[in-house]
Amino acid sequence: MLTRQVRPGIIPGVGEGPEKHTIDRIRSAITWRGGKTDDYQYADVTGWWRSPELLRDIGALLGEAVPGSPTAVLGLESRGYLLGVALALQLGVGFVEVRKNPESETDDDAWVQQTTPPDYRDRNLRLGVKRKLLKSGDRVVLVDDWVDTGSQALATQKIVERTGATWLGALTVVDALDSHSVRRELNLRSLVHVRDL
C-alpha cells in the first residue's frame, strides 16, 4: 500500500494538489481554546471527527505514508483509537488499542506495560497492550492525532520491542515535537506541523 517513500517529518507533497484541500479542512476544523490572556491554550480537534469525509481522507493520507507493510495498527487512547481504526481499515489490517493505566479484567488477562517519560503536562502515564493481541512476528505502526513530546509514542515503542514485534514507525496528523532526534527515533510521519496551523 505504500505509495510514497518518505523520511520522518512532514509527508512530502501532502500540502499540494488534492491533498491540500484535506489539509485546509484539517486546519479549519480546529478550534483554539483559551484566550490570549490564558496561561494555557490548546487545540480542540473534535471537529475532525464530525465530518465523515474528513475522517476518511485523514485515514487515506496517513495510509499513503505508512512505512513498510504493517500487520497491525496501534492507536493511543483515546483519539488514536479513532484514527487507528480508520487507518487499519484503509490498510486491511487489524487494530490494537494502547490503553492508559490498564487494569486486568481476569487473572489470565496479561498486559505488556510501560511508564512514559513526562508528557506535555509533566505526567508519567502507564500504557499497556494486551499481550495476546501483539505477537512476535507482527510489524506495527502507531497512530495518534497529535504528538507533542513523543513520550507516549516512545513508551509504546518499548512495549512493541518487549513483545518481539517490529516497530515500523508512527503517524500523526499534527507534529508538535521540538526534538528532531525523537522524530527520527520514532520514524514519525505527519500531515502538518503545529507551526503551520
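Just so you know, residue 1 is the first one in the sequence shown, and it goes up from there.
From Leu186, atom CG reaches atom CG of Leu168 across 13.0 Å, with rounding to the nearest 0.5 Å. To the nearest 0.5 Å, atoms CG (Leu177) and CG (Leu188) are separated by 6.0 Å. Once rounded to the nearest 0.5 Å, the distance linking CG of Leu74 with CD of Glu97 reads 10.0 Å. Between the CZ atom of Arg123 and the OG atom of Ser151 there is a distance of 8.5 Å, given to the nearest 0.5 Å. Atom-to-atom distance recorded for Leu197:CG and Trp32:CH2 is 5.5 Å, nearest 0.5 angstrom.
Judged by distance alone, the side chain of Gln114 and the main-chain N or O of Ile159 form no donor-acceptor pair under 3.5 Å. Looking only at distances, a side-chain donor or acceptor of Lys100 sits under 3.5 Å from a matching main-chain atom of Glu77.
Side chain to side chain, Asp119 and Thr149 fail the donor-acceptor criterion of an N or O pair below 3.5 Å.
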Let me check something: any side-chain donor-acceptor pairs from residues 126-133 under 3.5 Å, sequence neighbours excluded? List them with distances.
residue: Arg126; atom: NH1; partner: Pro102; partner atom: O; Å: 3.1
residue: Arg126; atom: NH1; partner: Gln113; partner atom: OE1; Å: 2.5
residue: Arg131; atom: NH1; partner: Leu134; partner atom: O; Å: 2.3
residue: Arg131; atom: NH2; partner: Thr163; partner atom: O; Å: 3.4

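Linking Ile, Leu, Val, Met, Phe, Trp and Tyr whenever their side-chain heavy atoms come within less than 4.5 Å leaves Leu142 and Trp111 in two separate clusters.
For Asn124 against Pro117, the heavy-atom pair with the smallest separation is ND2-C, 3.5 Å. Closest heavy-atom contact between Leu91 and Pro70: CD1-CG, 3.8 Å. In terms of heavy-atom proximity, Ala88 sits nearest to Phe95 at CB-CB, 4.1 Å. Between Asp148 and Tyr120 the shortest heavy-atom distance is OD2-CB, 3.3 Å.
When side chains are defined from C-beta on, Asp24 counts as touching Arg27, because their heavy atoms get closer than 4.5 Å. Here the side chains of Leu54 and Thr22 are in contact, with some heavy-atom distance below 4.5 Å.
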- Please lay out, stage by stage, how Val173 and Trp48 fare under the test side chain to side chain contact (heavy atoms under 4.5 Å, CB included). CA-CA 10 Å; Val173 178; Trp48 295 349; 3.4 Å; yes

- Message: As a quick check of understanding, evaluate side chain to side chain contact (heavy atoms under 4.5 Å, CB included) for Val96 and Val140, giving each step before the final call.
- Response: CA-CA 9 Å; Val96 178; Val140 301; over 6 Å; no

